[in-house]
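The chains referred to below are lettered A, B, ... by the order of the sequence lines, with proteins before strands, and numbering in each begins at 1.
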There are 2 protein chains.
Amino acid sequence: MVHTSSDQEAMLDTVTNPIPLTRDRSATERRIFEAARSLLAEAGFQGFGVNAIARRAGCDKQLIYRYYGGMDGLIDAIGEDLSSWVEAHVPDDPGGRFILTYGDLIERLLELYMRALREDHLMRRVIAWEISESTPQVRRVAEARARGLSAWIEKMRGSLTPPKGVDAIATNAALMGAAQQIVLSAIMNGFACGIPVKTEKDWAKLEAAVCRLAHNAYI
Amino acid sequence: MVHTSSDQEAMLDTVTNPIPLTRDRSATERRIFEAARSLLAEAGFQGFGVNAIARRAGCDKQLIYRYYGGMDGLIDAIGEDLSSWVEAHVPDDPGGRFILTYGDLIERLLELYMRALREDHLMRRVIAWEISESTPQVRRVAEARARGLSAWIEKMRGSLTPPKGVDAIATNAALMGAAQQIVLSAIMNGFACGIPVKTEKDWAKLEAAVCRLAHNAYI
DNA sequence: TAATTGCCTCACCGTCTGGTGACAATTGTT
DNA sequence: AACAATTGTCACCAGACGGTGAGGCAATTA
């Protein structure tokens with residue numbers, strides 16, 4: 001391997017900017033933050049470390065320690081930023097569809113959630129991280145994400161209530177889990193629990209199946 | 001850290017067996033294989049490498065290259081072994097329960113699958129691996145696992161057929177995905193999609209929710 | 001102009017990793 | 001007994017990692 005993308009970025013920074021990149025602390029902090037986010041999104045939590053981030057940000061790794069107190073602080077910053085992911089990435093209009101019942105709502109939310117998850121590399125990596133490691137950092141990130149998610153559902157719920165006799169909390173967790181697992185494994189290696197997911201038609205089938213589960217769960 | 005478990009194992013091998021461990025190739029191969037399995041189960045695919053495995057097996061890493069052709073061959077061996085995991089770990093009797101419909105069957109299979117997954121560290125690690133990396137090795141492992149899974153479902157199905165108008169393939173994938181995601185994230189950090197899963201009662205609620213999804217999906 | 005402050009880079013440390021070539025020790029065969 | 005083949009160990013390599021102390025450079029203040 002001769003040219004990694006980080007090499008190219010570093011070259012770009014130093015070649016097109018012979019002026020040594022105006023000394024601006026907050027700008028450098030942002031560069032580090034964005035480098036970390038994009039690296040995590042592209043490469044996953046394996047190989048997610050100080051050296052790689054500094055390379056990509058085009059600065060010295062020392063700055064990561066100085067500005068964020070090391071990887072821990074940086075991860076926390078990313079996690080905190082992710083707590084508002086749902087509101088930022090999922091549209092909150094019903095999309096020209098009638099939402100009359102609690103089931104309609106969950107059905108619609110699942111559809112939107114799957115779509116958003118398909119587009120967002122970073123979020124998928126974070127979810128994969130959560131079920132692969134159990135360090136305090138990743139637990140904090142998971143907690144922030146969960147906070148955002150349930151606040152979002154609560155906001156969207158409005159005055160709608162689930163039918164009696166249904167454990168809505170557990171049911172929604174199961175449905176969300178289904179959506180996550182399908183999207184993650186389908187995108188990572190083209191299969192979801194043994195069935196191939198390549199074409200848009202395959203995706204539509206799975207989306208429909210998940211929505212149908214929600215629909216039937218809430219009568 | 002003074003004593004890792006691998007150190008203890010190595011000591012055990014050399015202390016209790018002052019005779020230098022009879023030169024037996026097939027036994028050594030098995031030791032390596034078991035060391036790899038247990039390491040993967042305990043520590044996950046991070047830190048799953050030649051050095052750690054050799055340490056745990058109490059032999060030189062060179063033997064991994066000689067006998068398995070390196071990590072690739074070893075991983076393939078583990079994957080092949082995993083293709084028969086379901087039959088080996090999930091009881092195939094209905095458990096004193098009446099299985100009359102296709103829905104009954106899937107409901108029961110999901111329950112068994114969740115229970116088995118809760119007990120099996122290795123399988124959970126492999127599933128987490130599958131959605132975290134996309135190397136040829138892990139793809140082969142995933143493929144072997146999927147093969148075993150669908151063959152198992154097919155075997156259990158017998159003459160039962162899903163009701164008309166239901167995409168059983170996609171629905172089952174969604175249900176299996178829900179089960180997997182819930183078990184993995186609950187065990188890894190005590191939360192499943194934002195809700196805490198600590199007590200056996202929490203588990204029962206989620207199990208019930210998943211089974212209920214299956215029940216309602218197949219009318 | 002001189003000194004202080006803040007921003008940043010450099011060089012280095014110890015440790016671990018995957019990988020390989022050379023060698024020792026045991027076994028089986030002639 | 002002498003040999004060859006198998007089995008296992010050891011030492012070493014280059015490269016990456018996280019982490020840190022010292023010092024260079026630029027802007028502000030004295």
Side-chain angles (χ1 to χ4, degrees), chain A residues 1-7 9-11 13-15 17-33 35-36 39-40 43-75 133 135-137, chain B residues 1-2 4-7 9-11 13-14 17-33 35-36 39-40 43-75 133 135-137:
Chain A
M1 196 190 306
V2 180
H3 275 301
T4 69
S5 63
S6 37
D7 287 334
E9 280 194 24
M11 283 178 55
D13 280 338
T14 52
V15 169
N17 291 2
I19 307 108
L21 215 58
T22 62
R23 297 180 161 235
D24 180 347
R25 165 156 181 171
S26 65
T28 305
E29 282 186 14
R30 272 199 307 277
R31 280 221 321 283
I32 292 174
F33 185 77
L39 182 66
L40 182 56
F45 59 98
Q46 315 95 298
F48 183 60
V50 186
N51 290 307
I53 294 174
R55 255 197 309 274
R56 174 166 292 219
C59 69
D60 198 274
K61 58 181 168 182
Q62 174 79 22
L63 300 185
I64 296 177
Y65 293 97
R66 204 166 291 165
Y67 297 156
Y68 289 94
M71 283 300 297
D72 296 8
L74 186 49
I75 292 174
E133 249 183 23
T135 62
Q137 327 306 330
Chain B
M1 192 192 308
V2 181
T4 69
S5 62
S6 38
D7 287 334
E9 281 196 25
M11 282 178 56
D13 280 338
T14 52
N17 292 2
I19 305 108
L21 214 59
T22 62
R23 295 183 162 231
D24 180 346
R25 166 157 179 169
S26 66
T28 305
E29 282 186 14
R30 272 199 306 277
R31 280 219 323 281
I32 293 174
F33 185 77
L39 181 66
L40 182 56
F45 59 98
Q46 315 95 297
F48 183 60
V50 186
N51 290 306
I53 294 173
R55 257 195 308 273
R56 173 166 292 217
C59 68
D60 198 274
K61 57 182 169 182
Q62 174 78 23
L63 300 185
I64 296 177
Y65 292 97
R66 261 221 276 281
Y67 296 157
Y68 288 94
M71 285 298 297
D72 295 8
L74 186 48
I75 292 174
E133 251 184 20
T135 62
Q137 328 306 331

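The distance between atom CD1 of B:I64 and atom C1' of D:dG8, rounded to the nearest whole Å, is 13 Å. The interatomic distance linking B:L63 (CG) with C:dT26 (P) rounds to 15 Å, in whole Å. Between the C1' atom of C:dT17 and the CG atom of B:L39 lies a distance of 14 Å, rounded to the nearest Å. For A:Q46 and C:dC16, the CD to C1' distance is 18 Å, given to the nearest whole Å. We find that CZ of A:R25 is positioned 16 Å from C1' of D:dA27, with the value rounded to whole Å.
A distance of 11.5 Å separates CD1 of B:I75 from CZ of B:F45, quoted to the nearest 0.5 Å.
Checked against salt bridge (Lys or Arg N to Asp or Glu O under 4.0 Å), B:R25 has the following partners two or more places apart in sequence or in another chain: B:E29. A:D60 pairs by the side-chain hydrogen bond (donor to acceptor under 3.5 Å, both in side chains) definition with nothing, not counting sequence neighbours. Every residue meeting the side-chain contact (heavy atoms from CB on, under 4.5 Å) condition with B:D72, not counting sequence neighbours, appears here in chain and number order: B:Q137. Evaluation of the side-chain hydrogen bond (donor to acceptor under 3.5 Å, both in side chains) rule for B:Q62 yields no partner, not counting sequence neighbours. Residues satisfying the side-chain contact (heavy atoms from CB on, under 4.5 Å) test with B:A27, not counting sequence neighbours, are B:D24, B:R30.
Interface remark: the A:R23 side chain does not form any donor-acceptor pair with the D:dA27 base, using a distance-only criterion of under 3.5 Å.
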Once base and sugar-phosphate atoms are separated, protein heavy atoms under 4.0 Å mark nucleotides 16-22 of chain D, 5' to 3', with B, S and - as -BBBBBB

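Considering only side-chain N and O atoms, B:T28 lies nowhere under 4.0 angstrom from the phosphate OP1 or OP2 of D:dT7.
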